There are 2 protein chains.
Amino acid sequence: MESREELTSVLRNKGFRLTPQREKILDIFYTLPEGEHLSAEDLQNILRRENSDISLATSYRTLKLLASLGVLRELAFAEDHKHYELVRFESGVQHQHIICVECGSTEEFTCVEVFQTAVEIAQSHEFELIDAQLKLFGRCKRCQDKTSNLPV
Amino acid sequence: MESREELTSVLRNKGFRLTPQREKILDIFYTLPEGEHLSAEDLQNILRRENSDISLATSYRTLKLLASLGVLRELAFAEDHKHYELVRFESGVQHQHIICVECGSTEEFTCVEVFQTAVEIAQSHEFELIDAQLKLFGRCKRCQDKTSNLPV
DNA sequence: ATAACTGCAAACAATTTGCATCCTT
DNA sequence: AAGGATGCAAATTGTTTGCAGTTAT
């Protein structure tokens, strides 16, 4: 997905339709700062704020569809709901996430080796590689400080 | 968690109790072949098969507890339920997963660089590192073959 | 015209929780 | 004895689905 305009052809190629809802949702992802990801609920909040009334069911359906088309990437963090982010090929190197298991905050980082490693491993397992995600779990600075101040 | 016996002290240190249920569940994980992971439902099935009647609620509570104690690692794959596996320090290098998004099957691989990379990145982000997971998503050989036989 | 799409509400699956009872410590 | 743990059932959360009406192609 190099540009927003491509969505039309990606959809049509598979017999899907371009609806205002799908356009709007993709729009929101394109407007997001690079590296930011949304849960279905986050998305609903943004839509509501912008007075776009798209039902929750449609949001879920659209997120799934766009993920299956490779437009969005589905992310599972520590929480029990999924997040989605734009797959951006332009930047070349995908960013990865470091997640605080205590407060749920995430930060992005990039790691050039991940992709090369992934390609090699997928090859040796005869997998057709779709995506590689390196996730680090830990406690962020703020949460570390919080605990160290607590009485023992 | 170097040995099963340590569980007692790990629990007691934090004021938790050693119950037959917790022992049994940990036992099951120790009996598993290295690298194997269970969902709460998998665990229930094994328990039932062995005539250990532990309620589902207790299984969930125990999995969460052991994960929070660092005894088990919580894994989120493509499906919408979690998996758990033993954290084995003995082996030094943690294994990672390659997951087929079509049939859900997983294979393990090891990658020595992951840990070193993780340590460096955590440091630069001031995170206290707990775990690093490299996940590859793709389509396994079997599913590739399946599709290529389909009529277009 | 006709399939695909949407919104709604009901259904589901995975997980959590309140509470009475039970059992480690 | 006392507080943590369990089992049960009810509640919650995140997500999916059936269906009737709507809309892109």
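In what follows, chains carry the letters A, B, and so on, assigned in the order in which the sequence lines appear, proteins first and then strands, with residues in each chain numbered from 1. If you're wondering where the values come from, they're calculated on a predicted model, not measured in any experiment.
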Original post:
Base, backbone or nothing for each nucleotide of nucleotides 4-10 of chain C, written B, S, -, heavy atoms under 4.0 angstrom, 5' to 3'?
Top reply: BSBBB--
Taking [atom1] from [X] and [atom2] from [N], how many angstroms apart are they, rounded to a whole number?
X: B:Asn13; N: D:dG4; atom1: CG; atom2: C1'; answer: 16 Å
X: B:Phe77; N: C:dA14; atom1: CZ; atom2: P; answer: 16 Å
X: B:His81; N: D:dT15; atom1: NE2; atom2: C1'; answer: 15 Å
X: B:Arg12; N: D:dG3; atom1: CZ; atom2: C1'; answer: 15 Å
X: B:Lys82; N: C:dT15; atom1: NZ; atom2: P; answer: 7 Å

Any non-hydrogen side-chain atom of [X] less than 4.5 Å from a side-chain atom of [Y]?
X: B:Leu65; Y: B:Val71; result: no
X: A:Leu69; Y: A:Lys14; result: yes
X: A:Leu72; Y: A:Val87; result: no

Subject >> N or O in side chain of A:Tyr60 less than 4.0 angstrom from D:dT15 OP1/OP2 >> reply: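 Yes, such a contact exists.
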Subject >> C:dT15 phosphate, OP1 or OP2, under 4.0 Å from B:Lys64 side-chain N/O >> reply: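 False: B:Lys64 side-chain N/O out of range (4.0 Å or more) of C:dT15 OP1/OP2.
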**OP:** For residues A:Ser105 and A:Cys140, report the shortest heavy-atom separation together with the two atoms involved.
**Re:**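 Of all heavy-atom pairs spanning A:Ser105 and A:Cys140, the closest is OG-SG, 4.1 Å.
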Subject >> Degree of bending, the helix from C:dA1-D:dT25 to C:dT25-D:dA1 (end axes from five pairs; round to 10°) >> reply: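 The angle separating the two end axes equals 40°.
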**OP:** Please name all residues satisfying side chain to side chain contact (heavy atoms under 4.5 Å, CB included) with B:Glu113, sequence neighbours left out, ordered by chain then number.
**Re:**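 So B:Glu113 forms a side chain to side chain contact (heavy atoms under 4.5 Å, CB included) with A:Thr117, B:Cys111, B:Thr117.
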Subject >> Under the side chain to side chain contact (heavy atoms under 4.5 Å, CB included) test, residues paired with A:Glu36 that sit two or more places apart >> reply: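 Once residues adjacent in sequence are excluded, the partners of A:Glu36 under the side chain to side chain contact (heavy atoms under 4.5 Å, CB included) criterion are A:Leu32, A:Pro33.
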**OP:** Name all residues meeting the ring-ring contact (aromatic ring centres under 6.0 Å, His included) criterion together with A:Phe77; count only those two or more places apart in sequence or in a different chain, and write none if there are none.
**Re:**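 By the ring-ring contact (aromatic ring centres under 6.0 Å, His included) rule, A:Phe77 matches A:His37, A:His83, A:His97.
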N/O donor-acceptor pairs under 3.5 Å from side chains in residues 50-60 of chain B, not counting sequence neighbours:
{"residue": "B:Glu50", "atom": "OE1", "partner": "B:Lys24", "partner atom": "NZ", "Å": "2.6"}
{"residue": "B:Ser55", "atom": "OG", "partner": "B:Thr58", "partner atom": "N", "Å": "3.2"}
{"residue": "B:Ser55", "atom": "OG", "partner": "B:Thr58", "partner atom": "OG1", "Å": "3.1"}
{"residue": "B:Ser59", "atom": "OG", "partner": "B:Gln44", "partner atom": "OE1", "Å": "2.6"}

**OP:** Kindly state which residues belonging to residues 37-46 of chain A come within less than 4.0 angstrom of DNA chain D, counting heavy atoms of the residue only, listed by number.
**Re:**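 None - not one residue of the stretch has a heavy atom sitting under 4.0 Å from the strand.
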Subject >> Residues that B:Arg48 engages under side-chain hydrogen bond (donor to acceptor under 3.5 Å, both in side chains), provided they are two or more places apart >> reply: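 With sequence neighbours excluded, B:Arg48 shows a side-chain hydrogen bond (donor to acceptor under 3.5 Å, both in side chains) to B:Asn45, given in chain and number order.
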Original post:
Sequence neighbours excluded, which residues qualify as side-chain hydrogen bond (donor to acceptor under 3.5 Å, both in side chains) partners of B:Glu128?
Top reply: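 Here the qualifying residues are A:Arg139.
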Original post:
Can you list every pair that meets side-chain hydrogen bond (donor to acceptor under 3.5 Å, both in side chains) and has a residue in residues 64-78 of chain B, with sequence neighbours left out?
Top reply: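 Output for this query lists B:Arg73-B:Glu85, B:Arg73-B:Gln94, B:Arg73-B:Asp131, B:Glu74-B:Tyr84.
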Subject >> ring pair (Phe, Tyr, Trp, His ring centres under 6.0 Å) partners of residues 115-134 of chain A, not counting sequence neighbours, each pair once >> reply: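 Every candidate ring pair (Phe, Tyr, Trp, His ring centres under 6.0 Å) pair involving residues 115-134 of chain A fails, so no pair, neighbours aside, qualifies.
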**OP:** Please assess A:Leu66 against A:Phe29 for the test side chain to side chain contact (heavy atoms under 4.5 Å, CB included), listing each intermediate value before the final yes or no.
**Re:** CA-CA 11 Å; A:Leu66 295 181; A:Phe29 277 99; 5.6 Å; no
Provide a list of protein-nucleic acid N or O atom pairs under 3.5 angstrom, restricted to nucleotides 10-12 of chain D.
none

